[in-house]
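Okay, so here's the structure we're looking at.
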Amino acid sequence: MPDTSTGDTGNTARPSRRAVLTATAGLTATAALTVRTPAVHAAGKAPDEGRLRTLISRMTLQEKVGQLFVMRVYGHSAIAPDQADIDANRKELGVRTAAELIAEYRVGGIIYFTWAHNTRDPHQIRDLSNGIQKASLDRPRGLPVLIATDQEHGAVCRVGKPATLFPGAMALGASGSRSDARMLGRLSGAELRAMGINQDYSPDADVNVNPANPIIGVRSFGADPDAVATLVAAEVKGYQESRVAATAKHFPGHGDTAVDSHTGFPVITHSRDLWEKLDAVPFRAAIAAGIDSVMTAHIQFPALDGSGDPATLSHPVLSGILRGELGYDGVVITDSLGMEGVRTRYGDDRVPVLALKAGADQLLNPPSIDVAWHAVLKAVQDGELTESRLDESILRILRLKSRLGLFDQPYADRAGLERTVGTKAHLAAADRIAERTTTLLVNEDRILPLDPRSERRVLVVGADPDSPSGTTGPPTGVLAAALTGLGFTATALATGTSPSAAAISRAVTAAQDADAVVVATYDVTTGSAQRTLVQQLLATGRPLVALAVRNPYDVAQYPAVKGCLASYGWTDVEVRAAARVIAGRVSPRGKLPVPVQRADDPAQVLYPIGHGLTY
């Protein structure tokens with residue numbers, strides 16, 4: 001089974017995070033406070049508590065158990081998926097279709113993935129969503145379904161073109177614009193809702209203070225907890241305005257890990273005091289903004305719970321801190337229960353039961369729905385869990401469905417889809433937002449911007465990572481096409497994230513015929529072949545510009561390069577914006593949202609938070 005709710009994005013190892021912690025220490029000293037979740041959703045109405053409790057009282061125990069689960073299902077259609085998807089569903093879920101999954105287990109939520117073939121195009125997504133809602137509502141005591149996906153933008157996106165794709169979180173962190181973050185949430189939310197998706201597992205509220213973090217990185221707004229908090233709250237408000245449930249993740253904070261919780265069990269060594277000043281700040285802001293749901297992290301956090309359990313299964317973390325101290329009474333959803341971080345200590349039959357005992361409400365994507373569903377049912381029948389404990393979670397889930405208007409309008413209509421998804425206005429807004437994110441880090445001898453009159457022939461070489469869902473890619477091709485459209489004659493030569501000696505030789509030869517070279521880099525390390533590529537291109541004497549298309553830390557690995565930029569992402573919208581900066585069509589406005597350390601001495605900060613040049 002493929003991983004993931006949060007999405008493995010493929011980072012490589014990075015230097016120690018100590019200098020980053022030093023650089024961010026003292027940025028905030030937010031005091032502990034208790035914030036109660038508003039009773040009314042920003043775009044909805046107060047739920048009818050009596051009606052919801054009546055619905056719960058009429059449910060069977062089996063229906064209550066099902067309401068707690070959010071499951072994957074293969075296929076583009078709720079009732080007639082392709083045969084390969086039917087076969088995958090039979091193998092993993094024991095059913096043929098989404099409609100059968102709902103009939104068998106009465107699940108309260110479905111999560112969409114690209115690899116599950118749920119997201120081919122907007123019209124298909126809408127039809128799938130409507131089919132899922134109909135399959136559930138047609139059942140006895142049928143309820144609307146929370147249909148969710150990870151549409152973070154940037155590195156993690158499940159719905160691609162022709163839907164509008166925006167810059168990712170760290171790019172937004174570079175702009176620092178609350179209005180842009182809110183606009184992203186509002187426009188992205190409107191497009192999701194038009195396709196029948198009503199819950200987004202975004203924004204990422206982690207404070208990324210570890211350059212070696214293999215799973216968060218550019219999915220975070222940055223390393224300054226106050227700045228992250230501001231943008232998290234703004235994006236939450238935007239999603240609420242479009243009646244889509246936002247989700248702050250990954251509580252209590254996944255920003256200082258060197259292990260990917262998809263494949264291992266990370267440990268956070270922060271003190272309780274540091275957690276209050278660093279990790280907790282964006283979650284407090286999300287709660288104050290009326291966050292709809294909070295996703296847990298499969299991390300061990302000894303300062304918050306010394307039992308060794310992952311936070312997802314920790315009563316002190318979920319019930320004691322999140323619900324008790326922070327006063328949050330909304331929906332708590334686990335990260336994917338198929339991830340290794342939550343399966344290290346307990347079997348798949350125990351994990352969902354322990355998550356509920358800890359204080360979770362929604363159980364996301366267990367490896368086997370049959371094992372997990374029956375385990376929860378048995379726990380109630382045996383008295384380990386009470387039915388009233390299930391009722392507490394179901395009430396929170398139904399409140400959310402009510403605030404989103406799903407009891408009144410569960411279906412997405414064609415007219416709304418066609419006037420909302422991928423409109424010229426939305427695409428233009430994404431371009432404007434992206435132009436405010438590109439960060440110029442180095443510009444010695446005013447090498448930038450390039451001039452098409454004297455540097456017409458541009459060679460674009462470098463990394464060609466798989467593009468996030470639905471973008472054109474690879475970034476070298478997108479960048480070359482964009483520069484050509486801006487008056488240059490640009491040629492793309494993708495050399496990959498691990499270029500061979502032969503690929504490097506071809507790039508060096510091609511550089512001889514160019515007036516300037518742009519190299520796209522992706523997570524460069526000291527021993528990386530990408531570093532060798534940059535060094536050999538420098539030796540040609542041609543003007544060389546380096547664009548870090550993922551983590552901005554790359555700039556420390558090639559100090560001799562005179563022109564360096566960061567785009568924080570390699571989606572089309574981010575790469576095209578960088579091209580406009582390289583060509584001088586717009587001035588760079590982004591500022592580093594994380595510090596960059598020296599490659600030869602990670603204890604020293606090379607470029608601090610807030611660094612960024614302009615023309």
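Keep in mind that what you see is a predicted model, and the values were worked out from it rather than measured.
In terms of modelled atom types and a separation under 3.5 Å, the side chain of S336 and the main chain of G338 share a donor-acceptor contact. D121 places a side-chain N or O within 3.5 Å of a backbone atom of H123 that can act as its donor or acceptor partner. No donor-acceptor pair closer than 3.5 Å links the side chain of R90 to the backbone N or O of V95. Checked by atom type and distance alone, the side chain of T495 pairs as donor or acceptor with a backbone atom of G462 at under 3.5 Å. T423 places no side-chain N or O within 3.5 Å of a backbone atom of R419 that could act as its donor or acceptor partner. A side-chain donor-acceptor contact under 3.5 Å links S136 to the backbone of L143. No side-chain donor-acceptor contact under 3.5 Å links H76 to the backbone of T119. Although no hydrogens or angles enter the test, the distance criterion places a donor-acceptor pair under 3.5 Å between the side chain of S220 and the main chain of N208. A donor-acceptor distance shorter than 3.5 angstrom exists from the side chain of D361 to the backbone of V332, with no hydrogens or angles considered. With hydrogens and angles disregarded, a donor-acceptor distance shorter than 3.5 Å links the side chain of S129 to the backbone of I125.
By the neighbour-count criterion of 12 heavy atoms within 6.0 Å, atom CD1 of I79 is sparsely surrounded, having that number or fewer from other residues, nucleotides or ligands.
Residues satisfying the ring-ring contact (aromatic ring centres under 6.0 Å, His included) test with Y568, not counting sequence neighbours, are none. Partners of Q151 by side-chain hydrogen bond (donor to acceptor under 3.5 Å, both in side chains), not counting sequence neighbours: none found. D200 meets the side-chain hydrogen bond (donor to acceptor under 3.5 Å, both in side chains) test with Y239; sequence neighbours excluded. In this view, Y105 and W373 satisfy the ring-ring contact (aromatic ring centres under 6.0 Å, His included) rule, not counting sequence neighbours. The side chain to side chain contact (heavy atoms under 4.5 Å, CB included) check on K64 picks up I56, M59, E387, L390, D391, I394, with sequence neighbours excluded. Applying the ring-ring contact (aromatic ring centres under 6.0 Å, His included) rule to F166 yields the partners H153; only residues at least two apart in sequence or on another chain are considered.
Counting heavy atoms from C-beta on, the side chains of N118 and L128 come closer than 4.5 Å. Considering only heavy atoms from C-beta on, Y74 stays 4.5 Å or farther from I86 through its side chain. A 4.5 Å side-chain heavy-atom check between L304 and P252 finds at least one atom pair inside the cut-off. No side-chain heavy atom of T334 sits under 4.5 Å from any side-chain heavy atom of V342.
Between the side chains of S393 and R389, a donor-acceptor pair is found at a separation under 3.5 Å. A side-chain donor-acceptor contact under 3.5 Å links S314 and D305. Between the side chains of E340 and H262, no donor N or O sits under 3.5 Å from an acceptor N or O. D370 and H374 share a donor-acceptor pair across their side chains, judged by distance under 3.5 Å alone. Counted by atom type alone, T571 and E574 present one or more donor-acceptor pairs between their side chains at under 3.5 Å. In summary, the side chains of E235 and S202 do present a donor paired with an acceptor at a separation below 3.5 Å, with no hydrogens or angles considered. If you check the side chains of R243 and Q409, you find a donor sitting under 3.5 Å from an acceptor. A donor and an acceptor atom, one from each side chain of K401 and Q199, are nowhere located under 3.5 Å apart. Side-chain contact annotation: H298 with R343, donor-acceptor N/O pair under 3.5 Å absent. Under 3.5 Å, the side chains of Q530 and T497 contain no donor-acceptor pair of N or O atoms.
Atom CG of L68 and atom CG of L364 lie 13.0 Å apart (nearest 0.5 Å). With rounding to the nearest 0.5 Å, the separation of CG in L187 from CG in L184 is 7.5 Å. We find the CG-NZ distance between L385 and K357 to be 6.5 Å, quoted to the nearest 0.5 Å. Here the CD1 atom belonging to I369 is positioned 10.0 Å from the CD atom belonging to E104, to the nearest 0.5 angstrom. In this structure, CG on L395 lies 11.5 Å from CD on Q67, to the nearest 0.5 angstrom. From F221, atom CZ reaches atom CE of M170 across 10.5 Å, with rounding to the nearest 0.5 Å.
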Could you walk me through whether S293 and Q362 pass the side-chain hydrogen bond (donor to acceptor under 3.5 Å, both in side chains) test, one step at a time? CA-CA 10 Å; S293 52; Q362 286 187 302; 5.5 Å; no

Would you please test R550 and Y522 for side-chain hydrogen bond (donor to acceptor under 3.5 Å, both in side chains) and show each step? CA-CA 6 Å; R550 191 183 179 123; Y522 181 99; 2.6 Å; yes

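Of all non-hydrogen atoms in R126 and D413, the two that sit nearest each other are NE-C, 3.3 Å. For D464 against A494, the heavy-atom pair with the smallest separation is OD2-CB, 3.5 Å. A pairwise comparison of heavy atoms in N213 and D256 identifies ND2-N, 3.9 Å as the closest pair. Considering all non-hydrogen atoms of both residues, N89 and R96 come closest at ND2-O, 3.0 Å. Scanning both residues, L61 and V380, for their nearest heavy atoms gives CD1-CG1, 3.8 Å.
Of the candidates D335, D206, D150, D204, K249 forms a salt bridge (charged side-chain N to carboxylate O under 4.0 Å, His left out) with just one, namely D150.
Taking 4.0 Å as the cut-off between side-chain N and carboxylate O, K378 and E384 do not count as a salt-bridged pair. Of the charged side-chain nitrogens involved, none lies within less than 4.0 Å of a carboxylate oxygen, so that E63 and R139 do not count as a salt-bridged pair. For the pair D329 and R399, the salt-bridge criterion is met [side-chain N within less than 4.0 Å of a carboxylate O].
Between W115 and F113, the ring planes lie parallel to each other; the angle is under 30°, not in the 30° to 60° tilted range.
Because its NZ or CZ atom is not both nearer than 6.0 Å to the ring centre of Y112 and within 45° of the ring axis, R72 does not count as a cation-pi partner of that residue.
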